[in-house]
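Here is the structure we will look at, set down as C-alpha cells.
One-based numbering, in listed order, for ligands and for the atoms of each.
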Amino acid sequence: MSSFWNWYIGIIAVANILACVWLIRWTAKKRPDEKAAHETTGHEWDGLTELNNPMPRWWLWLFYATIVFGLIYLVLYPSFGSYQGLLGWSQYSEWEQEVAETEERVAPLFQEYAEIPIPELAGHSDAMQTGRRLFDNNCAVCHGVDGGGRPGFPNIANNVWNWGGEPEQIYKSILDGRRGVMPGLGGALGDEGVEKVAAYTFSLSGRDAPEELVSAGEELYQQRCAACHQADGSGNPAMGAPNLTDDNWIYGGSLEAIKTSIREGRQGVMPAQKDLLGEDRVHVLAAYVYSLSMDERDAEVNGEETADAGGDE
Ligand code: HEC
Ligand code: HEC
C-alpha cells in the first residue's frame, strides 16, 4: 500500500476516535441535573411522554473503554505510514510464521521419503497422496491434472520421455528444469525444403505421404536433422530432441504442426523447481510422476505392446 493510503486510513481512524470523545463529552455536558431527571423532552404521542433521563454511567464508561481500546490498538498494530506497531505484527510475518511452523512439522516426513528410492516410493500410498497434492498445486496448470499434457506441454503420464524416463532423469527434469532448443529452419530450407522434410518426418511414424516428397525429404533430413533427432528419427534424450517415429507429439503430429515446428523452431521450457520446492519435495514429485507410467512400464517389462509406448529405449 502506498504511504498516502496508509496516512489516509490512519488519519481517518484517529479523527473518528477524537470525534467520539467530543460527542460523548458534549452529550454528557448536556446531561440534565439529577433533580430535573424526570423532565420530559416535551414530545408526546397519544398521552405517552418521552422522559429526558441521563444515560446510565456504566453505559458512558463502556464508550470510554472502547475509545481506550481503539487507541491501544493503534499503538500496538501498524496504523500509520511505515509505523510497525509495538508488537511488530504484520500479515506477512504472520504468514511467514505459519509457513515456518508447517515446514517444521512436515520436513521430517519429507526427509524420511527422501531416503526411499524413487521406484519404491512410487508404491507408497501416503507419499503418493502428498505427491498428488504437490502435483495439483505446482504442475497441473501446464501438464494437466492427470499429467496428460496438451499442445506445447508434454504428456508425462505415459512412458514416452524426451529427456529420459529413468528415475534420476525425471528427478533432474523437475529439479533443474529443461529447455528444449529446436532452431527454426524455415530460412535455411525454404518453403519447398520444408514441404519435403515435413513429408519425410510425417512418414517416419508410419503414415503415408507423397512418395516423391518423402524421398527428397529424407536426404534433407539426414543433412539437417539427424544430428539431433538421430538418423532413424528416434530422438536424443541428452538434448530433449523428441522421437519422431512414435505417435507422441508435444506440439502435434499433423502435417501442419510438423511444418510449423520445422519452419519456426520450438523452445519449450520446463521451469526448475529447486528453489521453489526444494530437493525433498521434488523427490516425492519425481516418484509421483514415475507412478503415473508404472502400468505401462510393467507392461513393457512383460513384453506387451502398449498403444503409445516405445519412445524411451
Ligand atoms: C539442434 C538440434 C535440432 C535440430 C538440428 C533439429 N531439431 Fe527438431 N527438435 C529439437 C528439439 C530439442 C526439439 C524439442 C523442442 C522443445 O522441446 O520445445 C525438437 C522438436 C521437433 C519437432 C516437434 C516434435 C513434437 O513432439 O511436437 C519436430 C517435428 C522436429 N523437431 C523436427 C525436426 C526436423 C524435421 C528437423 C530438420 C529439418 C529438426 N527437427 C532439426 C532439436 C533439433
Ligand atoms: C510453466 C509450465 C510448466 C510447469 C508449471 C511445469 N512444467 Fe514440466 N514441463 C513443461 C514443458 C514445456 C516441458 C517440456 C520442455 C521441453 O520442451 O523439453 C516440461 C517437461 C517436463 C518433464 C520432462 C518430460 C520428458 O518428456 O522428459 C517432466 C518430468 C516434468 N515436466 C515434470 C513437471 C513437474 C513434476 C512439475 C511440477 C513441479 C512441472 N513439470 C511443472 C512445462 C511445465
Side-chain angles (χ1 to χ4, degrees), residues 131-132 134-144 147 149-186 188-189 193-205 217-230 233 235-274 276-278 281-293 311-312:
R132 154 118 243 170
L134 286 170
F135 190 88
D136 285 350
N137 289 338
N138 301 286
C139 323
V141 271
C142 292
H143 292 287
R150 58 195 163 87
F153 303 96
N155 183 336
I156 52 174
N158 59 9
N159 200 17
V160 178
W161 304 93
N162 294 324
W163 297 93
E166 293 305 316
E168 317 77 61
Q169 291 169 314
I170 296 177
Y171 176 78
K172 190 170 174 358
S173 289
I174 305 170
L175 191 74
D176 297 332
R178 298 289 195 184
R179 184 178 289 265
V181 181
M182 154 92 191
L185 292 167
L189 291 165
V194 170
E195 287 287 329
K196 291 175 185 162
V197 81
Y200 176 72
T201 307
F202 188 83
S203 76
L204 280 175
S205 44
E218 178 168 11
E219 199 180 320
L220 283 172
Y221 177 91
Q222 296 305 339
Q223 289 166 8
R224 298 276 183 181
C225 325
C228 297
H229 291 280
Q230 307 285 5
N236 182 356
M239 58 169 72
N243 182 342
L244 300 173
T245 68
D246 61 15
D247 191 22
N248 216 280
W249 303 91
I250 312 181
Y251 300 99
S254 69
L255 193 55
E256 271 318 303
I258 291 174
K259 279 189 208 163
T260 307
S261 291
I262 298 170
R263 210 182 302 118
E264 294 166 14
R266 303 285 193 185
Q267 282 83 38
V269 175
M270 160 70 202
Q273 303 295 313
K274 192 180 197 166
L276 299 170
L277 297 172
R281 278 180 172 76
V282 168
H283 185 82
V284 172
L285 271 168
Y288 178 74
V289 170
Y290 186 91
S291 79
L292 296 176
S293 52
D312 63 326

Any idea which protein heavy atom is nearest atom 26 (O) of ligand 1, and the distance to it?
Ile250 N, 2.7 Å
Which heavy atom of the protein is the closest neighbour of atom 17 (O) of ligand 2, given with residue, atom name and distance?
Gly268 CA, 3.2 Å
Which of the numbered atoms in ligand 2 are below 4.0 angstrom from a heavy atom of Val289?
35 (C)
Counting from 1, what ligand 2 atoms have a heavy atom of Leu285 closer than 4.0 Å?
38 (C)
Heavy-atom check, side chain of Leu276 versus side chain of Asn138, under 4.5 Å
no
Spatial distance of atom CG (Leu175) from atom CD (Gln273) [nearest 0.5 Å]:
9.0 Å
Considering heavy atoms of the protein only, find what lies nearest to atom 35 (C) of ligand 1 and give residue, atom and distance to 0.1 Å.
Thr201 OG1, 3.3 Å
Contact between Leu134 and Arg281 at the side-chain level, heavy atoms closer than 4.5 Å - yes or no?
yes
Under 4.5 Å between any side-chain heavy atoms of Ser205 and Asp247, yes or no?
no
Ligand 2 versus Val282, non-hydrogen atoms closer than 4.0 Å: side chain, backbone, both, neither?
neither
Would Glu218 and Lys196 pass as an ion pair if we require N to O under 4.0 Å?
no
Does Leu189 reach the side chain of Arg224, with side-chain heavy atoms less than 4.5 Å apart?
yes
Have a look at Asp176 and tell me which of Arg178, Lys172, Arg179 forms a salt bridge (Lys or Arg N to Asp or Glu O under 4.0 Å) with it.
Lys172
Show me which atoms of ligand 1 lie under 4.0 Å from any heavy atom of Gln267.
18 (O)
Starting from atom 12 (C) of ligand 2, which protein heavy atom do you reach first, and at what distance in Å?
Val269 O, 3.3 Å
Evaluate the ring planes of Tyr221 and Tyr200, with Trp represented by its six-membered ring, and classify them as parallel (under 30°), tilted (30 to 60°) or perpendicular (over 60°).
tilted
If you define the side chain from C-beta out and look only at heavy atoms, does anything of Ile156 sit under 4.5 Å from Trp161?
yes
Do Asn236 and Gln230 come close enough that some side-chain heavy atom pair is under 4.5 Å?
yes
If you have a sec, work out which protein heavy atom is nearest atom 18 (O) of ligand 2 and how many Å separate them, to one decimal?
Trp163 NE1, 2.7 Å
Rounded to the nearest 0.5 Å, what separation is found between the CD atom of Glu168 and the OG atom of Ser173?
11.0 Å
Glu219 vs Gln223 side-chain heavy atoms within contact, under 4.5 Å:
yes
Give me the ring orientation class for Tyr171 and His283: parallel if the planes are under 30° apart, tilted from 30 to 60°, perpendicular past 60°.
perpendicular
For a quick test of reading the model, state the closest non-hydrogen atom pair linking Cys142 to Arg150 and the distance between them.
O-NE, 3.5 Å
Can you list the ligand 1 atoms lying under 4.0 Å from a non-hydrogen atom of Leu185?
37 (C), 38 (C), 41 (C)
So CD1 of Ile250 and CG of Asn162: to nearest 0.5 Å the spacing works out to 4.5 Å
Everything protein-side that's N, O or S and under 2.8 Å from atom 8 (Fe) of ligand 2: list it, residue and atom.
His143 NE2, Met270 SD
Output the list of atoms in ligand 2 that are nearer than 4.0 Å to some heavy atom of Gln273, sorted by atom number.
38 (C)
Atom 16 (C) of ligand 1: closest protein heavy atom, distance to 0.1 Å, is Tyr251 OH, 3.4 Å
Just to be careful: counting only protein atoms that are N, O or S, how many fall under 2.8 Å of atom 8 (Fe) of ligand 1?
2
Identify the protein heavy atom lying closest to atom 5 (C) of ligand 1, giving its residue, its atom name and the separation to 0.1 Å.
Arg224 O, 3.3 Å
Any side-chain heavy atom of Tyr288 sitting closer than 4.5 Å to one from Cys139?
no
Subset of ligand 1 atoms that lie under 4.0 Å from at least one heavy atom of Gly240:
12 (C), 14 (C)
What protein heavy atom sits nearest atom 25 (C) of ligand 2, and how far off is it?
Asn162 N, 3.4 Å
Give the atoms of ligand 2, by number and element, whose distance to some non-hydrogen atom of Gly152 is under 4.0 Å.
12 (C)
Can you tell me how far the CD atom of Glu195 sits from the CD1 atom of Ile262, to the nearest 0.5 Å?
10.0 Å
Please determine whether side chain to side chain contact (heavy atoms under 4.5 Å, CB included) holds for the pair Tyr251 and Ile258, giving the CA-CA distance in whole Å, both sets of side-chain angles, and the decisive distance to 0.1 Å.
CA-CA 8 Å; Tyr251 300 99; Ile258 291 174; over 6 Å; no
Near Gly180, which atoms of ligand 1 are under 4.0 Å from a heavy atom of that residue?
16 (C), 17 (O)
